[in-house]
2 protein chains.
Amino acid sequence: MANLNTGAPTQIDLGFHALADATRRAVIEKLHEGEAAATELAEPFDMALPSFMKHLRVLEAGGLISTRKEGRKRMCRLERAQLARLSGWINAYEAGWQNRLDRLDAFFKDGE
Amino acid sequence: MANLNTGAPTQIDLGFHALADATRRAVIEKLHEGEAAATELAEPFDMALPSFMKHLRVLEAGGLISTRKEGRKRMCRLERAQLARLSGWINAYEAGWQNRLDRLDAFFKDGE
DNA sequence: TTAAAACTTACCCAAATGGCTAAGTATGTT
DNA sequence: AACATACTTAGCCATTTGGGTAAGTTTTAA
C-alpha cells in the first residue's frame, strides 16, 4: 500500500476535522433546531466575526453545513447526510456491521 | 455564553481530530482485526517510523487506542468505547434520539 | 440619501501539524 | 559479546489552523 496522504484531503478528512472543535460542534448543535444566519450563530461566542466565519467555512468544506445568500444574510443549514456518513464510518467496523461494509465503502467512493 | 475554546482540548476534540486523517483511520481499521505492534502497523505506509509514531500518539491522545510496552514492542489496541462516544455525539441530535440526550451529556461530562 | 446591518476581503501572527533525518536506548537473538 | 530489532528522543522545516484588526462591499431601513 502506498502513502494514503497523497493529494487533497477527502470529505471524510474534512468532515472529521470540522467536528474537532468545540465552537464548530456548538454550531452543529444549534443548527439542529433549524436554519440560522451567520451573525445569529456567531452571537454566543467571544470571537471576532471574521474568525467565526472561518469556522463556518470549515464546516462547509467538511460538508456538514451548506450556506446560501439571502439578502445580506448568509443562511446556514445542517447537512445531516454528512453527519450520517461520518458516524457511519465509525460504526462500519463495529460487531454486527461487517455485512454493511461493502455498501458503505461504495458510498464513500462515490462521494469523493 | 463565553468562549468555548478556553483551556486544553477535550477528549472529543482530540478524538475527532484523530479521525481526520486517512493514515490514522487506516490504523483504526487494521486494529479492528486485533492488537498489533507499532512497526507492524506502520508497514503499509510510505513514511518514516518517527512520523508514523506521531500518528499513534495522536490516536492515543484522542482515546481511540491504548498502548503498552511488551518487550521491545509497543502493542496497540483499539478503544471501542471512544469510537462509540464519538459516533454517539454525532447521533445524539438525530431525529428520535432526543430522549437520549441527557444521558449522553452526563456521559461526556464524566469522561472529561 | 444617508446610515446601519451583515457580511467579506485582505492581511498579520503564534502555535500546532505532519513530514523529515540523525542519533540514542532498550530488548531479543545468535 | 556482538548484532539486529523495535522503538525513542531531539531537532529541523513548510504548511495549516485559529485567532486577530482594518477596511472594504452589499443590502436594507429610515
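Convention: sequence-line order gives letters A, B, ...; per-chain numbering from 1. Every heavy atom of this structure was used, including side-chain atoms; hydrogens, water molecules and symmetry mates were not. Here the structure is a predicted model, which means the values were calculated and not measured.
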Original post:
With a non-hydrogen cut-off below 4.0 angstrom, is B:Arg57 in contact with a base, only sugar-phosphate, or nothing?
Top reply: nothing
Original post:
Could you give the CE-to-P distance, from A:Met53 to C:dA6, as a whole number of Å?
Top reply: 12 Å
**OP:** Using only side-chain N and O atoms of A:His17, determine if any of them is under 4.0 Å from OP1 or OP2 of D:dG18.
**Re:** yes
Original post:
Are any non-hydrogen side-chain atoms of B:Leu41 and B:Leu31 less than 4.5 angstrom apart?
Top reply: yes
Polar pairs (N or O, both sides) under 3.5 Å between protein and nucleotides 20-24 of chain C?
from	atom 1	to	atom 2	distance (Å)
C:dC20	OP2	B:Ala48	N	2.8
C:dC20	OP2	B:Ser51	OG	2.6

Original post:
Where do A:Gly63 and A:Gln82 come nearest, in terms of heavy atoms and distance?
Top reply: O-CB, 3.2 Å
Subject >> Separation of C:dT17 C1' from B:Leu56 CG (nearest whole Å) >> reply: 16 Å
**OP:** Write down the distance between NZ (A:Lys69) and C1' (C:dA6), rounded to a whole number of angstrom.
**Re:** 6 Å
**OP:** Taking only heavy atoms on the protein side, list every residue of residues 71-78 of chain A lying under 4.0 Å from any atom of DNA chain D, sorted numerically.
**Re:** A:Gly71, A:Arg72
Original post:
By salt bridge (charged side-chain N to carboxylate O under 4.0 Å, His left out), which residues pair with B:Arg25, not counting sequence neighbours?
Top reply: A:Asp13
Subject >> Euclidean distance, atom CG of residue B:Asp21 to atom C1' of D:dT15 [Å, nearest integer] >> reply: 15 Å
Original post:
Does B:Met47 reach the side chain of B:Lys54, with side-chain heavy atoms less than 4.5 Å apart?
Top reply: no
Subject >> Presence of A:His55 side-chain N/O under 4.0 Å of D:dG19 phosphate oxygens OP1/OP2 >> reply: yes
Original post:
What is the distance, rounded to the nearest whole Å, between atom CD of A:Glu60 and atom C1' of C:dT8?
Top reply: 14 Å
**OP:** For C:dC7, take OP1 and OP2 only and decide whether either is under 4.0 Å from a side-chain N or O of A:Thr39.
**Re:** yes
Subject >> Rounded distance (Å) that lies between atom P of D:dG20 and atom CZ of A:Phe45 >> reply: 13 Å
Subject >> Connected via hydrophobic side-chain network under 4.5 Å: B:Leu14 and A:Trp89 >> reply: no
**OP:** Could you tell me the separation between the CZ atom of B:Phe16 and the P atom of C:dA16, rounded to a whole number of Å?
**Re:** 22 Å
**OP:** Following the transitive rule for hydrophobic clusters with a side-chain heavy-atom cut-off under 4.5 Å over Ile, Leu, Val, Met, Phe, Trp and Tyr, establish whether B:Leu64 and B:Met53 coincide in one cluster.
**Re:** yes
Subject >> Basic-acidic side-chain contact under 4.0 Å: A:Lys30, A:Glu35 >> reply: no
Original post:
Is there a side-chain contact between A:Val27 and A:His55 (heavy atoms, below 4.5 Å)?
Top reply: no
**OP:** With the side chain counted from C-beta on, respond yes when A:Leu78 and A:His32 share a heavy-atom pair under 4.5 Å apart, and no when they do not.
**Re:** yes
